[in-house]
Amino acid sequence: MTTATAHEAHDDHGPARGLSRWLFTTNHKDIGTLYLLFALLMFFVGGSMAMAIRAELFEPGLQFVNPMFFNSLTTMHALVMIFGAVMPAFVGLANWLIPMMIGAPDMALPRMNNWSFWILPFAFTLLLSTFFMEGGAPAGGWTIYPPLVLQTGDAFPFLIFAIHLMGISSIMGAINVVVTILNMRAPGMTMMKMPLFVWTWLITAYLLIAVMPVLAGAVTMLLTDKFFGTSFFTAAGGGDPVMFQHIFWFFGHPEVYIMILPAFGIVSQIIPTFARKPLFGYSSMVYATASIAFLSFIVWAHHMFTVGMPLAGELFFMYATMLIAVPTGVKVFNWVSTMWRGSMTFETPMLFALGFVVMFTIGGFSGLMLAIAPVDFQYHDTYFVVAHFHYVLVTGAVFAIMAGAYYWLPKWTGNMYNETLGKWHFWLSTISVNVLFFPQHFLGLAGMPRRIPDYSIQFAEFNMISSLGGFAFGLSQLLFVYIVFSTIRGGARATDEVWDNPEGLEWTLSSPPPYHSFTTAPEVK
Amino acid sequence: MTEAHGGYYVPHGSHWPLVGSVGLTTLVVGFAMHLNGSDMGLSTMFAGVAIVLIMMFGWFGTVIRESEAHMYNDQVDKSFRWGMGWFIFSEVMFFAAFFGALFYARILSVPWLGGEDASTHALLWQGYSAAWPTNGPAGMGGTFETVGAWGIPAINTLILLSSGVTVTFAHWALKKNNRGPLVGWLFATVALGFLFIGLQAYEYGHAYSDLNLTLESGVYGSTFYMLTGFHGMHVTIGAIMLAIIMLRSIRGHFSPDRHFAFEAVAWYWHFVDVVWLGLFIFVYWL
C-alpha cells in the first residue's frame with residue numbers, strides 16, 4: 001500500500017493521509033481493503049466462538065459453558081460468520097476486482113460505497129454488545145424463529161436493529177455492484193465477455209436486492225409481535241409461527257446462494273489460469289448461474305419439511321430442490337473439463353480452488369440427500385445438516401475466498417506471498433477441516449441433534465475427533481493472517497501479470513494497480 | 001463511452017456516510033433502549049434522527065451543488081437512474097414480505113386454524129370457525145369492525161391516482177421549460193399527497209376510537225396497520241421529497257433535458273401509488 005502512495009504522489013487524486021483516508025474514502029480499492037480486513041476480523045471473532053463450541057463438545061457432559069451461553073455461541077457464530085465474514089469478504093473482493101475487471105475508474109456510486117462499508121462496524125458492535133446485556137446474547141438460533149426468539153432478553157431489539165443495519169449495508173452494496181456492472185463497462189466489454197466473477201456477482205447482487213428487504217420485513221414483524229401487540233406469528237390472533245419460517249427462508253435460501261455464487265466466480269477465474277486453458281463452456285456457466293439464482297426463489301421450504309406442510313408442498317419443494325443439482329452439475333463438469341488435458345500447476349490459489357471443487361461437491365451431494373423429503377425427516381436438525389452446510393460454506397465459500405486472496409494478493413500489494421507457507425496453509429486447512437466436519441456426517445446419521453451442548457455417550461469418539469480437527473483448523477488460519485500481513489509488508493516483487501498469462505483486464509494494470517484503476521477506458525476486443 | 005469514462009466524476013473523500021452511520025446507530029440504539037424500558041431511549045433516538053437529518057441535508061446538498069455545477073456527465077446520470085430503479089425494486093420486495101404475510105394468513109393459516117387442518121383445530125382451537133377479517137381464536141384485542149373500502153379509501157385512491165397525473169403534467173411542463181406550470185403542478189401534487197396523509201390519519205383515529213380496530217386486533221389488525229402504516233410512511237417521505245423538488249424548481253434548478261432528481265421522485269411517487277392500489281384491492285376491498 002505504501003508503494004501505491006508513493007507511486008501516485010504526483011497525482012492529486014492520490015489517497016488522503018492518515019486515518020481520514022480510511023474513514024472518508026470513496027476509493028473502491030480502499031473500501032475493498034476495509035471490507036476484507038473487517039471480514040478477516042469477524043472470521044476470527046466467529047471462529048473463536050466455534051472453538052468454544054468445539055471445546056464444550058470435546059467430551060460428553062457440561063464442561064466449560066452453561067447451556068444458555070452455548071446456545072448464544074451457536075447463534076452468534078452463525079450470524080457473525082454469515083453477515084460479518086463471508087458476505088463482507090465477497091463484497092470486498094467485488095470492490096477490489098469489478099472495476100479493474102470491466103475497465104472502470106471506480107465503482108459507480110463511490111460515496112454510497114463508503115456508507116455500505118461503514119455501517120458494518122456499527123452493526124456488529126451492536127450485535128456483539130448483546131453478549132453483555134441482561135438476558136445474554138440471542139440464543140434462539142440464527143434463524144430467529146418465533147416464539148423462541150421472542151424470549152430473548154434486552155438483546156432482542158438490538159438483534160433486530162443490527163439485522164436491519166446489515167440489510168441496509170448489503171442492499172446499498174448490491175445496488176452499487178449492479179449499477180457498476182451495467183453502466184461502467186469499458187467499450188467493447190459486452191455482457192458475454194465479462195469475466196465470470198463479474199457475472200456471478202451481478203446475479204448475486206440481484207439476489208441481495210430481492211431478499212434482504214424480505215428479511216427486513218420478517219424481523220420487523222418479530223419486533224412488532226414482541227413490543228406492539230401484533231399477531232403475525234401467534235396462532236391465538238390468527239397468525240402462524242410457521243409463517244415466519246416461510247418468510248425467513250424465502251430470504252434464507254437465496255441467501256445461501258449469495259454466499260456461494262461469487263465463490264463459483266472466483267474458482268472460474270482461477271482454474272483456467274493454472275490449467276492454462278480457457279474456461280470450458282463460458283456461456284453455459286453464465287446460464288447455469290442464472291438458473292441456480294432463479295431456482296433459489298422456489299425451493300425455500302426444503303428447510304421446513306418437518307414443520308408441517310401439505311403433501312403437494314413437500315413434493316414440489318423436493319423436486320425443485322433436486323433440480324438445482326442440474327445447473328450445479330454443469331458447473332462442476334465445466335471446471336473439470338477446463339482442467340482436462342491442461343498443463344496444470346498447483347500453486348496455492350489453484351490448490352484452494354481444487355479443494356473447493358472436490359469438497360463443495362461433497363457438500364452438494366449431502367444437500368441432495370437432504371433434499372429428499374422422507375429422508376430429511378430423519379436428518380432434520382441433526383449433525384448431518386451441520387456437516388452439510390459447513391462443507392458448502394467452509395470448504396466452499398471460505399476456501400474460494402482464500403483461493404481468491406492468494407490469487408489476487410500479489411496484484412493488490414505488488415508483492416508475492418510465500419508459496420511454501422501458502423501450501424502449508426492449504427494442506428493444514430484441508431486435512432483439519434475434513435477431520436472437523438466429515439465425522440459430523442456420521443454423528444448426524446446416528447441421530448445426534450444440533451444446537452445441544454451435551455450428547456449421549458455413543459457420540460463421544462467422533463465428537464472428540466471433530467473437536468481436534470476444529471482446533472487444528474482454527475490454528476491453521478493464524479498462518480493465513482501471517483502470510484497476508486507479511487505479503488502486505490514486503491516480499492518478492494510481483495510482475496504485472498503475476499501468473500502465467502492469466503485472462504482479464506486486472507492483469508494489464510501494474511502491481512499494485514494505480515489508485516484509480518482505469519482513468520481512460522481500455523479497448524476490449 | 002470512452003469520453004464519458006474519462007469524465008466520470010469520482011468524488012473524493014466524504015464524511016457524510018460516517019455521519020450517517022453514527023446517526024443511524026444512535027437512532028436504533030435509542031429505539032432499542034426505549035423498547036427495553038429505558039428513560040434515555042427516546043431522547044437518544046431523537047438525537048439519532050437529528051444526526052440523520054443533518055447527514056441528509058449535507059449529503060444531498062453536496063450532490064445538488066455538484067449537479068448544478070455540471071460535474072455529472074450522462075454516464076453519472078445513468079448510474080443514478082439505475083441506482084434509484086433498483087432501490088425502488090428493493091422497496092417493492094419489502095412490501096412483498098407484508099403482502100406475503102397477508103396472503104399466507106388469509107389463504108392458509110386462518111383456514112387451517114378453522115378446521116382445514118384437522119389436528120390443529122381439534123387439539124388447539126376447538127370451536128374456532130375461520131373467517132376474514134379475524135382476530136384469531138383468542139379474539140385478540142376484542143371485537144372490531146373494519147374500514148369499508150368505499151368511503152375514505154376510495155377517495156384516497158382517487159387522490160393518489162390524480163396526484164400521479166399532476167406529477168406527470170409537472171414533468172411535461174419541465175420538459176417544455178414552462179417553469180410556472182411546473183411549480184403549479186408540483187404544488188398540486190404535494191397538496192394531494194398531504195391530503196391523502198391527512199385523510200389516512202383521520203381514518204386511523206376513526207378506526208382506533210370508533211371501530212376498535214387496533215394494531216392488537218389479531219392478524220387482521222397486524223396486517224392492516226403494518227401495510228397501510230408503512231405505505232403511509234412512504235407517502236410521507238415521497239411528499240416531503242416532492243416538496244423539496246418543488247422548492248428546487250422555484251429556485252430554478254433542473255433543465256428540460258437534465259433533471260434526474262425530479263424523475264427519481266416521480267418514480268418513487270408512482271411506486272407508492274401502485275402499492276396503494278394493491279392495498280386498496282387486497283386490504284380494503286376483497
Side-chain angles (χ1 to χ4, degrees), chain A residues 16 20-21 23-26 104-106 108-112 114-115 118-119 122 126 154 157-158 161 164-165 168 171 175 178-179 182-183 186-187 209-214 216-218 221 224 227-232 234-240 242-243 246-247 250 516 518-521, chain B residues 1-2 5-6 8 10-18 20-22 24-25 28-29 31-32 35-36 59 75 78-79 82-83 86-87 89-91 93-94 96-98 100-101 104-105 108-110 112-113 120 124-125 134-138 140-141 215-216 218-223 225-226:
Chain A
S20 66
R21 167 176 179 183
L23 291 177
F24 307 141
T25 182
T26 49
D106 205 297
L109 304 161
R111 274 188 281 243
M112 195 173 81
N114 173 298
W115 204 20
W118 275 109
I119 285 176
F122 291 90
L126 279 193
D154 280 358
F158 289 92
F161 293 139
H164 275 137
L165 290 182
I168 294 171
I171 292 168
I175 289 176
V178 169
V179 175
L182 294 182
N183 194 34
I209 300 173
V211 300
M212 292 309 289
V214 175
M221 290 183 230
T224 57
F227 292 111
F228 299 99
T230 58
S231 308
F232 287 107
T234 315
D240 186 354
V242 175
M243 178 166 84
H246 280 291
I247 303 174
F250 182 81
H516 292 288
F518 289 98
T519 34
T520 44
Chain B
M1 274 286 260
T2 320
H5 259 287
Y8 196 91
V10 178
H12 298 300
S14 169
H15 57 282
W16 292 119
L18 197 66
S21 295
V22 172
L24 272 184
T25 308
V28 297
V29 167
F31 194 15
L35 292 173
N36 285 338
W59 191 333
Q75 200 185 7
K78 219 172 182 179
S79 289
W82 280 115
W86 291 110
F87 167 68
F89 176 66
S90 78
E91 292 268 47
M93 293 308 292
F94 181 76
F98 290 91
Y104 185 91
L108 298 172
S109 68
V110 168
W112 286 341
L113 284 171
T120 311
L124 293 174
W125 306 108
T134 182
N135 52 0
M140 305 281 268
L215 200 53
E216 280 102 59
V219 74
Y220 183 85
S222 311
T223 48
Y225 279 108
M226 292 300 275

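Everything numeric here is computed off the predicted structure, so don't read it as measured data. Below, chains carry the letters A, B, ... as their sequence lines are ordered, and counting in each starts from 1. Excluded from the calculations below are hydrogen atoms, water molecules and symmetry mates; all remaining heavy atoms, backbone and side chain alike, are included.
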Point to revise | Region of W125(B) that comes under 4.5 Å of a non-hydrogen atom in chain A | key: side chain
Point to revise | Close side-chain approach of S79(B) to L109(A), heavy-atom, < 4.5 Å | key: yes
Exercise for review: Search all heavy atoms of L215(B) against all heavy atoms of F228(A) and return the closest pair with its distance.
Suggested key: CD2-O, 3.6 Å
Exercise for review: Return the minimal non-hydrogen interatomic distance between P11(B) and T26(A), and the atom names on each side.
Suggested key: O-OG1, 2.5 Å
Review point. Within a reach of under 6.0 Å around CH2 of W112(B), are more than 12 heavy atoms found that belong to other residues, nucleotides or ligands?
Key: yes
Revision key, fill the gap. Counting heavy-atom pairs under 4.5 angstrom with chain B, the leader among R111(A), H246(A), M112(A), M243(A) is R111(A)
**Study point:** Residue part contacting chain A, namely of A101(B), when any heavy atom lies under 4.5 Å
**Key:** both
**Study point:** Residue selection (most heavy-atom pairs with chain B, distance under 4.5 Å) from T224(A), I171(A), T25(A)
**Key:** T224(A)
Revision key, fill the gap. The interface call for I119(A) against chain B, heavy-atom contacts under 4.5 Å, is both
Check your understanding: Based on non-hydrogen pairs under 4.5 Å, which of G13(B), G218(B), S222(B) is most in contact with chain A?
Key -> S222(B)
Check your understanding: With a 4.5 angstrom heavy-atom cut-off, which part of T223(B) approaches chain A: side chain, backbone, both or neither?
Key -> both
Practice item. Identify, with sequence neighbours excluded, every residue that meets side chain to side chain contact (heavy atoms under 4.5 Å, CB included) alongside P17(B). Key: N114(A), W115(A), S14(B), W59(B)
Exercise for review: Answer yes or no: is there a donor N or O on one side and an acceptor on the other, between the side chain of N183(A) and the main chain of Q75(B), under 3.5 Å?
Suggested key: yes
Review point. How far apart are the closest heavy atoms of V179(A) and G83(B), and which atoms are they?
Key: CG2-N, 3.5 Å
Review point. Just by modelled atom types, is the G238(A) backbone N or O under 3.5 Å from a matching donor or acceptor in the T134(B) side chain?
Key: no
Practice item. Verify, without hydrogens or angle tests, whether S90(B) (side chain) and I209(A) (backbone) share a donor-acceptor contact under 3.5 angstrom. Key: no
Review point. Among G239(A), A210(A), A218(A), A216(A), who wins on heavy-atom pairs under 4.5 Å with chain B?
Key: A210(A)
Point to revise | Residue part contacting chain A, namely of F31(B), when any heavy atom lies under 4.5 Å | key: both
**Study point:** Residue among V110(B), N135(B), L35(B), V29(B) with most heavy-atom pairs under 4.5 Å to chain A
**Key:** L35(B)
Point to revise | Choice from F87(B), Y104(B), F94(B) maximising heavy atom contacts with chain A below 4.5 Å | key: Y104(B)
Check your understanding: Do you know which of T120(B), V28(B), N36(B), T25(B) has the most heavy-atom pairs with chain A at a distance under 4.5 angstrom?
Key -> N36(B)
Review point. Relative to each other, are the rings of F98(B) and F232(A) parallel, tilted or perpendicular (30° and 60° limits)?
Key: perpendicular
Exercise for review: Could you check if a side-chain atom of Y8(B) sits within less than 4.5 angstrom of a side-chain atom of H516(A), using non-hydrogen atoms only?
Suggested key: no
Practice item. Using the side chain to side chain contact (heavy atoms under 4.5 Å, CB included) rule, take F122(A) and L18(B) through it: C-alpha gap first, then chi angles, then the decisive distance, then the call. Key: CA-CA 10 Å; F122(A) 291 90; L18(B) 197 66; 4.1 Å; yes
Check your understanding: Looking only at heavy atoms, which two atoms of M221(A) and A97(B) are closest? And how far apart?
Key -> CE-O, 3.7 Å
Check your understanding: Does some side-chain heavy atom of L24(B) sit less than 4.5 Å from a side-chain heavy atom of I168(A)?
Key -> yes
**Study point:** Part of V178(A) within contact of chain B (heavy atom distance under 4.5 Å)
**Key:** side chain
